[in-house]
**Q** 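The structure under discussion is supplied below as structure tokens; questions concerning it will follow.
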Amino acid sequence: MEKHIYETGLIGNCAFLAHVHKNTNIEWMCWPRFDSSFVFGGLLDKQKGGEFSILPVSENYTSNQYYLENTNVLCTEITCANGRYRITDFAPRFQQFDRFFKPLMLIRKIEPIEGTPRIKVTCRPVSDYGEKKLTPLQGSNHIKYVGDEHIRLTTNIPINYLVEEQFFVLNETKYCLLSYGDSFDAPLISTADKFLRETIAYWRLWIKHSTIAGFYQQYVIRSALVLKIHQFEDTGAIIAASTTSLPEHDGSGRNWDYRYCWLRDTFYVISSLNHIGHFEEMEKYFSYVSDISVSEDFRYQPLYGITGKKDLEEKIVDLDGYRGNKPVRIGNQASEHIQNDIYGQVMISLLPLYVDHRFVFRERQDSDKWINFVLDKIERTIDEKDAGIWEFRNFANIHCYSNLFQWAGCAAAAKMARTIGDKALEEKAIALQNKAAAHIESCYDLERRVYTNAVGSQHLDASTLQLIMMNYLDPASDKAKDHLKALEAELKTPRGLFYRYLHADDFGKPKTTFLICAFWYVEALATVGRIDDAVREFENLLQYSNHLLLFSEDVDEATGSQWGNFPQAYSHVGLMNAAYKIAMKLDRPVFL
């Protein structure tokens, strides 16, 4: 069976994201926001999705795609019968006038490298998920595309070549600057080159300011760059992925919209960025969560829109789907679920703001009220059945994972309370922590020496690996080591991958592994001291990236194929956290 790999790279500037295929097409780009309709959506429908490609005359060409080192600037080199050319794609981002300049602007620089390649530039943006085409209006050195959206393409390519989609000889550097909304009035070539220089410098400085251990630095750097551009900087929200409806496996029907902020996922993202010394993302997220907190009376939703929007009604749109996989969904019904781990997740994600002395906690007003506010939510939900981390749609349990993060959240709240000197708040947190621990112990199977996924259940679940990483179980104890052995015996595959679980859910039994679970396994191995095993398993997982070191959500055990939304922030978080844990255990630089 053929191995399936996503052949796109991701660029972005914390205002928008775009997928560039090896065939030069912008396969996926949503404007003006992460969760807007696509303007290019060939990823989900070749007919309705529009196109923005830069192709040679012959279909017989080869493509080499790579990032400029330590940046989110992507190069695609095309070699054809007449020669070779390079496309440099980027979303401008740099500091200007005491703030970050991050326009809704995609720049494509097209350079001849050798020979006289003949190319054609095709630009056909669409709106309303492909239901509407935009009307091109020709100007002297630009084309305006008007309709529900207003988009402008400014270029030094002869406009009629673009309008007529005509081939021409590329004998000098050409530029395509696509902008949303306002017209672009600056000099094209000098501006585009300046933006490119400034953007390269910005990303390289961001990496230089990162504290990244020597253990597989190249992979951690790429993962960090990927994670950074998944933050919608305007509000601080961090999305799970930039795509929707890429199936968990071919024909699965498990096609979900991930362009939203899961409070649970964001904790792992923030932790990984914290490990490499980037705190501005955490503070922006604090503001995002604070805005949500004051607007919620009883419970948090598992996920919100990037502006904190609650109504994420799930709809099906009329698109062919990725490789014919339907349905194509926008919105996500999981926003209506009861998932009780998220209160603890929110609490622990913000703990460093109170216990890390690089932050001044007194800058945050009403800390006691905010902490108590979240503790009240834990108290109300601690005995309640929920949908769990995997968002089961048709049944509920008292899940071990949910109670674990209530336990961890209460432990964090107790530390915060000590920091601000509130004894009553500390005692409340400890009492709730003990109650959560009692629920967790109700999941322990004494005979098998393992914690099951839920009270009264026999099923094992990879999420319970977190019992070890969150220090609920003493990593040096036999109980932690036995729990880990039981999970790996049942859920680990011959390829070194890890299933979330093996029991049937709303859609039957899972057929692909969840990549974050394999990285959790690596992290757990390192935590209990099995360092050689951790290094071996980590190295094994690196093969499941694409040509740009980008990882998907799911991996097929049979073929090693990438599936699910892509690139998946969760998977890159898993890699970063596993690499960090190994590096800390090794306590020495390992440059590989």
Side-chain angles (χ1 to χ4, degrees), residues 10 12 14-19 28-38 41 43-44 129 226-248 254-270 273 281 284-293 295-296 299-317 322 327-343 345-346 349 386-393 514 516 552-554 564-573:
L10 186 71
C14 301
F16 79 96
L17 293 155
H19 290 242
W28 183 258
M29 187 171 87
C30 298
W31 262 359
R33 306 186 340 182
F34 291 174
D35 56 358
S36 299
S37 167
F38 59 73
L43 192 69
L44 296 183
Y129 290 99
V226 169
L227 287 177
K228 172 63 175 173
I229 57 177
H230 279 77
Q231 181 166 56
F232 188 65
E233 192 168 70
D234 188 52
T235 64
I238 299 175
I239 61 170
S242 57
T243 52
T244 179
S245 301
L246 300 184
E248 291 185 13
R254 301 172 187 253
N255 313 335
W256 316 114
D257 191 347
Y258 276 12
R259 298 172 298 160
Y260 306 109
C261 181
W262 270 258
L263 299 188
R264 172 192 306 116
D265 292 14
T266 310
F267 156 67
Y268 294 107
V269 174
I270 291 296
L273 289 169
E281 293 81 9
K284 288 180 183 297
Y285 173 61
F286 179 86
S287 297
Y288 174 79
V289 172
S290 296
D291 288 339
I292 290 172
S293 295
S295 66
E296 295 286 26
R299 66 168 76 247
Y300 288 140
Q301 293 182 177
L303 64 151
Y304 292 84
I306 55 176
T307 59
K309 180 182 176 183
K310 295 176 64 175
D311 182 12
L312 305 178
E313 181 186 358
E314 188 171 288
K315 301 177 182 177
I316 294 175
V317 292
Y322 182 77
V328 173
R329 294 180 171 95
I330 58 172
N332 199 306
Q333 191 234 329
S335 61
E336 303 169 11
H337 289 183
I338 294 173
Q339 295 177 29
N340 292 330
D341 62 298
I342 56 179
Y343 310 110
Q345 300 272 7
V346 168
S349 68
D386 71 354
I389 178 177
W390 309 125
E391 300 179 338
F392 300 124
R393 294 194 168 201
F514 206 54
I516 182 69
S552 61
E553 175 189 15
D554 301 276
N565 283 294
F566 173 86
Q568 176 77 349
Y570 229 13
S571 298
H572 287 277
V573 165

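Residue indices begin at 1 and follow the sequence shown. Excluded from the calculations below are hydrogen atoms, water molecules and symmetry mates; all remaining heavy atoms, backbone and side chain alike, are included. The model shown is predicted, which means the values in this text are computed figures rather than measured ones.
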**Q** Between Glu281 and Gln231, is there a donor-acceptor pair closer than 3.5 Å when you use the side chain of the first and the backbone of the second?
**A**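 Not at all, since once roles are kept as given, no pair shorter than 3.5 Å links the two residues.
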**Q** State, to 0.1 Å, how close Asp257 and Gly331 come at their nearest heavy-atom pair, and which atoms those are.
**A**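 Answer, listing the atom of Asp257 first, then Gly331: OD2-N, 3.0 Å.
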**Q** Nearest 0.5 Å, what's the CG-OG1 distance between Asp234 and Thr307?
**A**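 That separation rounds to 9.0 Å.
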**Q** Which pair of non-hydrogen atoms, one from Tyr260 and one from Ile330, has the smallest distance, and what is that distance?
**A**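 Smallest heavy-atom distance, with atoms named: OH-C, 4.3 Å.
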**Q** Output the distance between atom CG (Leu43) and atom CZ (Phe38), rounded to the nearest 0.5 Å.
**A**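 Interatomic distance, Leu43 CG to Phe38 CZ, rounded to 0.5 Å: 9.5 Å.
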**Q** Any side-chain donor paired with an acceptor under 3.5 Å for Ser242 and His19?
**A**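 Distance-only check passes for Ser242 and His19.
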**Q** Can you measure from CZ (Phe34) to SG (Cys261) and round to the nearest 0.5 angstrom?
**A**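 Reported to 0.5 Å precision, the distance equals 11.0 Å.
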**Q** Are Lys310 and Gln301 side-chain neighbours, meaning at least one heavy-atom pair lies under 4.5 Å?
**A**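 In contact.
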**Q** Just verifying a value: how many Å separate Arg259 CZ and Leu312 CG, rounded to the nearest 0.5 Å?
**A**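 Output value for this atom pair is 10.5 Å.
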**Q** Given side chains that start at C-beta, do those of Cys30 and Phe16 come closer than 4.5 Å, heavy atoms only?
**A**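 Not in contact.
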**Q** Could you walk me through whether Leu263 and Tyr300 satisfy the side chain to side chain contact (heavy atoms under 4.5 Å, CB included) test, starting with their C-alpha distance in whole Å, then the side-chain angles of each, then the deciding distance to 0.1 Å, before giving a yes or no?
**A** CA-CA 9 Å; Leu263 299 188; Tyr300 288 140; 4.1 Å; yes
**Q** The test is side-chain hydrogen bond (donor to acceptor under 3.5 Å, both in side chains); show your working for Tyr258 and Glu553 and say whether it passes.
**A** CA-CA 11 Å; Tyr258 276 12; Glu553 175 189 15; 2.7 Å; yes
**Q** Quick one: closest heavy-atom pair of Ala241 and Asn565, and the distance?
**A**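 In this case the closest contact between Ala241 and Asn565 is CB-CB, 3.9 Å.
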**Q** Using only atom types and a distance under 3.5 Å, with no angle test, would you say the side chain of Thr243 pairs donor to acceptor with the backbone of Phe566?
**A**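 Judged by distance alone, yes, a pair lies under 3.5 Å.
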**Q** With the side chain counted from C-beta on, respond yes when Leu44 and Leu246 share a heavy-atom pair under 4.5 Å apart, and no when they do not.
**A**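 A side-chain contact under 4.5 Å exists here.
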**Q** Is there a side chain to side chain contact (heavy atoms under 4.5 Å, CB included) between Asp341 and Gln339 once you walk through the steps?
**A** CA-CA 6 Å; Asp341 62 298; Gln339 295 177 29; 3.9 Å; yes
**Q** Using 0.5 Å steps for rounding, measure from the CD1 atom of Ile238 to the CH2 atom of Trp262.
**A**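 Answer for the CD1-CH2 pair, Ile238 versus Trp262, is 14.0 Å.
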**Q** Does some side-chain heavy atom of Leu10 sit less than 4.5 Å from a side-chain heavy atom of His230?
**A**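 The answer is yes; the side chains approach within 4.5 Å.
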**Q** Of all the heavy-atom pairs spanning Tyr288 and Thr235, show the shortest one and how long it is.
**A**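 The pair with the smallest heavy-atom distance is CB-O, 3.4 Å.
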**Q** With the side chain counted from C-beta on, respond yes when His337 and Asp386 share a heavy-atom pair under 4.5 Å apart, and no when they do not.
**A**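 With C-beta onward as the side chain, the pair stays apart.
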**Q** Kindly compute the distance separating CD (Gln333) from CH2 (Trp256), expressed to the nearest 0.5 Å.
**A**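 So the gap between those two atoms works out to 8.0 Å.
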**Q** Would you call Gln345 and Tyr268 a side-chain contact if the rule is heavy atoms closer than 4.5 Å?
**A**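 Answer yes - side chains close enough.
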**Q** Would a 4.5 Å heavy-atom cut-off, applied to side chains only, mark Asp35 and Phe232 as touching?
**A**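 Of all side-chain heavy-atom pairs linking Phe232 with Asp35, none is under 4.5 Å.
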**Q** So which heavy atom on Leu303 is nearest to which on Ala334, and how close?
**A**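 Closest pair (atom of Leu303, atom of Ala334, distance): CD2-C, 3.4 Å.
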**Q** Which heavy atom of Leu17 sits nearest to which heavy atom of Ile229, and what is that distance?
**A**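 For Leu17 and Ile229, the tightest heavy-atom pair comes out as CD2-O, 3.3 Å.
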**Q** Between Ser571 (side chain only) and Ser552 (backbone N and O only), is there a donor and an acceptor less than 3.5 Å apart?
**A**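 Side chain of Ser571 to backbone of Ser552: a pair is present.
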**Q** Taking C-beta and beyond as the side chain, do Asn340 and Ile338 meet within less than 4.5 Å on heavy atoms?
**A**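 Touching, per the 4.5 Å side-chain cut-off.
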